[in-house]
Amino acid sequence: MTQPTTVRDCMHRQPLTIRPDANLVEAVNIITEHGLTGLTVTDATGAVQGVLSELDCLRGILTAIYNDGDPEHALVSEVMTSTVNACSAQDSIVEVAQSMLETRQRRRPVVEDGVLVGQVSSRNILWALMEHSRRRFREQRG
């Protein structure tokens with residue numbers, strides 16, 4: 001089977017991001033307002049510093065509440081995941097999808113020369129794989 005596509009063909013080119021020094025409540029507001037599963041954390045130059053998932057946010061808010069703290073004082077840098085599994089725009093979506101399944105991650109920052117250029121989600125890949133499958137089916141039916 002030929003490879004259906006590369007990450008470049010299905011990635012979101014201008015993903016919402018957040019800075020590590022941003023307030024956690026701000027991140028939660030962005031995630032919930034836009035229906036996201038998380039955000040890529042970048043510095044002022046666009047370099048990826050980490051990722052922030054819904055579960056990271058939930059853990060951070062529960063920790064703050066449990067410790068009689070105020071979630072308003074929690075920072076993204078305190079709860080983000082610093083180890084980032086990124087991909088490049090030239091990567092095969094099949095390989096990225098397999099890696100996402102292995103790590104149970106739903107999205108990947110797309111990085112070129114150390115800078116965020118996009119994001120690909122499991123939903124993006126699922127759509128691209130289905131489109132590839134439909135094209136093949138139509139071609140076979142001729």
Side-chain angles (χ1 to χ4, degrees), residues 1-140:
M1 177 174 106
T2 60
Q3 294 294 327
T5 191
T6 62
V7 168
R8 179 183 306 320
D9 299 322
C10 65
M11 72 183 194
H12 181 73
R13 295 191 188 318
Q14 295 179 329
L16 293 174
T17 62
I18 195 148
R19 300 278 172 84
D21 59 348
N23 181 287
L24 183 58
V25 173
E26 177 187 346
V28 169
N29 288 337
I30 293 169
I31 288 170
T32 56
E33 179 181 327
H34 295 279
L36 304 173
T37 61
L39 295 165
T40 301
V41 183
T42 59
D43 66 14
T45 66
V48 176
Q49 303 295 301
V51 292
L52 182 71
S53 71
E54 291 170 301
L55 294 177
D56 293 330
C57 294
L58 184 59
R59 184 175 48 257
I61 289 175
L62 286 174
T63 299
I65 292 169
Y66 177 77
N67 293 322
D68 293 326
D70 182 353
E72 293 283 342
H73 298 301
L75 298 178
V76 167
S77 61
E78 298 169 345
V79 299
M80 72 182 194
T81 301
S82 298
T83 303
V84 178
N85 291 313
C87 61
S88 76
Q90 295 81 23
D91 288 346
S92 158
I93 62 168
V94 170
E95 292 171 9
V96 173
Q98 289 170 333
S99 177
M100 286 174 148
L101 288 170
E102 291 167 6
T103 60
R104 301 192 54 80
Q105 294 173 323
R106 296 175 61 182
R107 71 199 162 290
R108 289 283 162 90
V110 182
V111 177
E112 297 293 333
D113 298 321
V115 176
L116 183 72
V117 296
Q119 180 171 283
V120 66
S121 69
S122 54
R123 185 175 297 165
N124 299 135
I125 291 175
L126 185 59
W127 174 86
L129 290 170
M130 290 306 299
E131 285 299 307
H132 175 74
S133 179
R134 287 184 190 112
R135 271 194 312 272
R136 282 190 44 215
F137 181 71
R138 284 192 300 266
E139 289 169 4
Q140 288 173 354

Given side chains that start at C-beta, do those of [X] and [Y] come closer than 4.5 Å, heavy atoms only?
{"X": "Ile65", "Y": "Pro71", "answer": "yes"}
{"X": "Arg108", "Y": "Ser99", "answer": "yes"}
{"X": "Asn23", "Y": "Glu72", "answer": "yes"}
{"X": "Thr45", "Y": "Val115", "answer": "no"}

Pairwise distance [atom1]([X]) to [atom2]([Y]) - rounded to 0.5 angstrom:
{"X": "Asp21", "Y": "Gln49", "atom1": "CG", "atom2": "CD", "value": "10.5 Å"}
{"X": "Ile93", "Y": "Gln98", "atom1": "CD1", "atom2": "CD", "value": "11.0 Å"}
{"X": "His73", "Y": "Leu24", "atom1": "NE2", "atom2": "CG", "value": "12.5 Å"}
{"X": "Cys57", "Y": "Ile30", "atom1": "SG", "atom2": "CD1", "value": "10.0 Å"}
{"X": "Ser122", "Y": "Leu101", "atom1": "OG", "atom2": "CG", "value": "8.5 Å"}
{"X": "Thr40", "Y": "Arg107", "atom1": "OG1", "atom2": "CZ", "value": "7.0 Å"}

Exercise. Please collect all salt bridge (charged side-chain N to carboxylate O under 4.0 Å, His left out) contacts where either partner lies in residues 111-132, sequence neighbours excluded, each pair once.
Key: Glu131-Arg134
Quiz prompt | Check: Thr63 side chain, Arg59 main-chain N or O, donor-acceptor pair, under 3.5 Å | solution = yes
Quiz item: Side chain of Arg106, backbone of Met100: donor and acceptor closer than 3.5 Å?
Solution: no
Quiz item: Taking everything shown except Gln90 itself, do over 12 heavy atoms lie less than 6.0 Å from its CD?
Solution: yes
Any idea which heavy atoms bring [X] and [Y] closest together, and the distance?
{"X": "Gly118", "Y": "Met11", "result": "CA-SD, 4.4 Å"}
{"X": "Glu54", "Y": "Leu36", "result": "OE2-O, 3.5 Å"}
{"X": "Val84", "Y": "Pro109", "result": "CG1-CG, 3.8 Å"}
{"X": "Val76", "Y": "Ala27", "result": "CG2-CB, 4.0 Å"}
{"X": "Val79", "Y": "Leu52", "result": "CG2-CD1, 3.7 Å"}
{"X": "Pro15", "Y": "Leu116", "result": "CG-CD2, 3.9 Å"}

Practice problem: Given side chain to side chain contact (heavy atoms under 4.5 Å, CB included), test Leu129 with Val94 step by step and report yes or no. | Solution: CA-CA 8 Å; Leu129 290 170; Val94 170; 4.2 Å; yes
Quiz item: Tell me the side chain to side chain donor-acceptor pair (under 3.5 Å) pairs involving residues 74-84, sequence neighbours left out?
Solution: Asp56-Thr81
